[in-house]
Amino acid sequence: MSRVRQPPLVTGISPNEGTSWTKVTIRGENLGTGPADLVGLSICGHNCLLTAEWMSASKIVCRVGPAKDDKGEIIVTTKSGGHGTSTVSFKLLKAEKIGILDQSAVWVDEMNYYDMRTDRYKGISPLSLRPSNPLGIDFDKGKVPLKDLEALFPGVSGEFTSENFSATWYLIENHSVTSFDQLRMAASNLKKQATKKNEGSLAYVKGGLSTFFEAQDALAGLTELGSLDAAIHQRLESDGTERVEGSMTQRLENVLNRASDTADTLFQEVLGRKDKADSTRNALNVLQRFKFLFNLPLNIERNIQKGDYDVVINDYEKAKSLFSNTEVSVFKKVYAEVETRIGALRSLLLDKLLETPSTLHDQKRYIRYLSDLHASGDPAWQCISAQHKWILGLMQNCKEEFINYQRVGLGAIALDLEGDPRPSAFSRIRDTAPLSKGGILHTPRHSTWHYETPQQVQFVEKLSDVVIGQLPNFWKLWISYVNGSLFSETGEKSGQVEKSKKNARQRQNDFKKMIEEVTHRLVKLVRGALLPSTLTELELRLYGGWENKTELTGPWLTQVIHTVRVIFEALVALEIPNDLLQVIQDLLLELRHHCLLVTLHHTADDVKRVAEKEDWVVDNEGITSLPAQFEQCMVQMLQSLKEPMETKPGEVNILQLDQDQASELCVDIIKVREQVEKLWKDINKVFINCLEQLSTKTDRDIDTSHMSVDLASPNLFSGIQEDFCPTLEQRLLIILSNCQYLEKHTFLNLAEHFEKHGFTGTEKITRVTVHAVKELDESLFDAYIERKSDPIVGSLEPGIYAGHFDWRDCSTPTGVRNYLKEALVNIITVHAEVFTVSKDLVPRVLTRIIEGVAEEMSRLMQCVSSFSKNGAIQARLEIDSLRDAVASYLSSESHASFKQALEVLPQLHNGADKKLLEELLNKFKSSMQLQLTCFQPSNVQPVKR
């Protein structure tokens, strides 16, 4: 049971353009099972079935007719598959008009056969030699499937015009159910046809017997005529007539002789011209029939100059199939010239293939040409090796050019590697979104920015352009070599694809070494420019040589990390194995570590400069810009480290590695963490030291041209101008206020920022820093209290005993004495000074000062041996007045001191004494009401600016 075949599909036509009656070869699929199965063929709408010659199920030869359409499809119709389709088209060219005297190149397609009538070989169309039914009996085709026949008889055909004709195939296909009698009749018909062919010469002779007899009679007559002529001459001689000059016979003989000579002369000339014409005609026929071969060397040269290598290859394949084994000497000579030209073409194509730079498309094209020309060796691998050497040379030359430019003092380099118009790697990333609040790349770059970029950064950018521009094509060329896609259809048929795949499997390790060499060269060149300490002395001589000793800052290192990541991502996208790219991952890890350490070092320097810029401008919260600048500096550091510390796919988080993971990496993570922790501590220590130095500066060390004070209520203290020179006490207060703000706000904010940016394990550093700030705060506070409290406390004893005052012998009290009022005024002065800087410091400062005053009053009272009644009233009045005036700032120590002082005094039992004490106390409060207001709890809120 036969299965339904697929419709015909035309996939190729050669040539694909030409004039009418051009001979074309049609290739495709399901083009019929035989000549009888082909029922339709049209090209550009013209029916070409009459000239069609079915060769196989994938090949048909025909001539193009005079179609109306200039361009159209090739449609094949078969009985088994029906109406077909086409994926190609044929372009019909208009024939040039040729004059009667113009030369015309015409291809004569002939097939030799022997004509027994003329005893010569003649050329006729192969279609006329095809017998329609050689056996002379009816067909019964379609009983046996064609696929089964192809499986049973591989390599042969049932078509009797084919060189691989199989009689068994023909009988099974066309006469599988024919009876034995009919087959015996067919055998008889074949014998008769063979007998007719063998008897052809004999029949020709029999048919011309009459002509032979006539020729024989004519020859006999000529013999008799010759005998008669001799008898006449003999008779005339005997009579003497022969001697008569001018006799009729003599004259006749002479005329006949001259006529014979003239005829011979004319005949020889005609025969000569005929021989020359035959020779010329034979030569022209040879040239006409084999002009393809004779013109081929010149055509090869012309097509090579035009770059039509496909035409050269097709012509060479045709000549090779026709004349490679010829025995004709002239053909051998011409074919040898063809081989010479093809050898030169192979050398030319190989030179073009190995020429750099070249595109991947050109490389594949030249490899295909060389494979079709059967070039020796392995052109594809030669191209891969040449590209590998060229890429390595480009990378090394890139470094050498930068170093040479650096040595001659040029500030920037703008290399143009082979005219590559593709934008550089930096141009692809320089428009990155700016960092917020002090980001590193937030400043708009002007037109000369490229020339301010460090040369190491420019070098890495250009190196990135080389790798990203060349390595992908190099990898794709290898993939095409592995899967055999470099070869044409001819190469596939000749087994070159399988040979290429076999070679690729054998050279897989060699190519892996090539990729490793490229990636290692890239990494070492980058190390030589940025991490020279990681290379050996030999490697430094090869890949180093940079004279710039200035270390790159964190932002530039971040830029380099970004560029190396772009390279890595581009290579990962090519599906290059990860083990070949591990060296780039190791480089990225070390660059990230280096960037982290460099950024911390530079941050310490920035913190020093921040402290140097202290302008002592106090805001309404009692702090200067120093804490905010310190916090901003640290935040900028974290923001600049955001990209280097970010973990990309395939990378490791260096901030959260355990010991097991760290042991597998190329760097000592524990050591790096210790360095990072030490640098962070150093940054905080630098800042604290700066605070301490600022607090101890002398007046002449301070630049007062830019200093000012911003008060919550400027009208309260008209004596303090906007521009002022801070005293030592004011600087101590300002630093104390800043220390409190740092402790309560800044370090807590920084801890949140560290956690937000992925920095873990900073709690210990924060605790140590806060403790150091507290120690500095205590030290500065003690220094301020010492400067303010000692004068007040020291003035009490002289004031009490001024005027030889004696507690045992004193007059009736009339009020609080001046020494106590002076002490209160001094305390009020301190209050004003502290309040001017920071309202929050007032309770802390006044409490400590009052503790000292209370302690001194208690000591002085305890030193008195006895009190008179007036002395007791006077002492109690002054102690109560002082205690009540500063009641808002009394601590437990102050309460205890005042209590001890009162306990030493005699008790007042008389009501008059108590009344006097109360009256004097009220009088004091009334007279000092304005001054004592500052000791009351303030309800005034600071003015927010």
Side-chain angles (χ1 to χ4, degrees), residues 360 384-385 387-396 398-399 422 424-426 428-429 456-457 459-483 504-505 507-531 534-535 539 542-543 557-595 643-654 657 661-667 669:
L360 180 62
I384 291 174
S385 300
Q387 288 295 311
H388 170 247
K389 294 179 180 178
W390 182 64
I391 292 174
L392 293 178
L394 274 182
M395 297 168 68
Q396 196 68 27
C398 180
K399 190 266 294 187
R422 190 173 49 81
S424 67
F426 186 75
R428 296 189 296 272
I429 57 178
Q456 292 96 324
V457 179
F459 166 67
V460 176
E461 295 290 342
K462 191 57 63 177
L463 200 61
S464 168
D465 292 340
V466 172
V467 174
I468 296 177
Q470 303 302 328
L471 198 57
N473 288 340
F474 181 63
W475 178 261
K476 292 176 183 177
L477 180 62
W478 164 256
I479 296 300
S480 300
Y481 180 60
V482 170
N483 58 30
R505 288 192 294 268
R507 290 169 173 158
Q508 194 165 8
N509 290 332
D510 295 336
F511 182 78
K512 183 177 180 180
K513 292 179 180 178
M514 289 182 179
I515 295 294
E516 288 179 346
E517 189 173 1
V518 172
T519 54
H520 280 76
R521 179 71 58 88
L522 167 68
V523 169
K524 289 179 180 178
L525 287 172
V526 175
R527 289 181 182 275
L530 303 174
L531 304 171
T534 61
L535 298 178
E539 291 173 337
L542 293 174
Y543 309 112
L557 288 173
T558 300
Q559 186 63 54
V560 171
I561 292 171
H562 191 115
T563 304
V564 176
R565 280 174 169 168
V566 169
I567 298 175
F568 180 77
E569 291 171 0
L571 300 184
V572 169
L574 297 175
E575 298 182 355
I576 296 178
N578 291 332
D579 58 330
L580 299 180
L581 303 180
Q582 184 59 43
V583 64
I584 301 180
Q585 285 280 43
D586 295 341
L587 172 64
L588 276 172
L589 183 60
E590 292 191 50
L591 286 174
R592 292 163 66 196
H593 290 159
H594 183 61
C595 180
E643 183 172 354
M645 296 301 102
E646 183 181 2
T647 304
K648 296 289 186 179
E651 297 181 355
V652 295
N653 189 339
I654 60 177
L657 283 177
Q661 291 176 311
S663 61
E664 300 174 359
L665 300 178
C666 59
V667 295
I669 296 296

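Worth knowing before you read on, the calculation uses all heavy atoms, side chains too, and leaves out hydrogens, waters and symmetry mates. Worth saying up front: this structure is predicted, and the values here are computed from it rather than measured.
- Applying the salt bridge (Lys or Arg N to Asp or Glu O under 4.0 Å) test to pairs two or more places apart or on separate chains, those with a residue in residues 572-585 are Lys512-Asp579.
- For the side-chain contact (heavy atoms from CB on, under 4.5 Å) test, residues two or more places apart in sequence or in another chain that qualify with Gln508 are Trp478.
- In this structure, the side chains of Phe568 and Lys648 stay at 4.5 Å or more apart for every pair of heavy atoms.
- One finds no salt bridge joining Arg527 and Glu539 here, because no Lys/Arg side-chain nitrogen approaches an Asp/Glu carboxylate oxygen to under 4.0 Å.
- Atom CD1 of Ile384 sits about 6.5 Å away from atom OH of Tyr481, to the nearest 0.5 Å.
- With 3.5 Å as the limit, one finds no donor-acceptor pair spanning the side chains of Gln582 and Asn578.
- The two residues Val457 and Gln559 have their closest heavy-atom pair at CG1-CG, 4.1 Å.
- Between the His594 side chain and the Glu590 main chain, no donor and acceptor come within less than 3.5 Å of each other.
- Closest heavy-atom contact between Leu580 and Thr519: O-OG1, 3.6 Å.
- Closest non-hydrogen pair, Ser464 versus Thr563, comes out as CB-CG2, 3.5 Å.
- Nearest approach of Arg565 to Pro644, heavy atoms of both residues: NH2-O, 3.6 Å.
- Between Trp475 and Leu574 the shortest heavy-atom distance is NE1-O, 3.0 Å.
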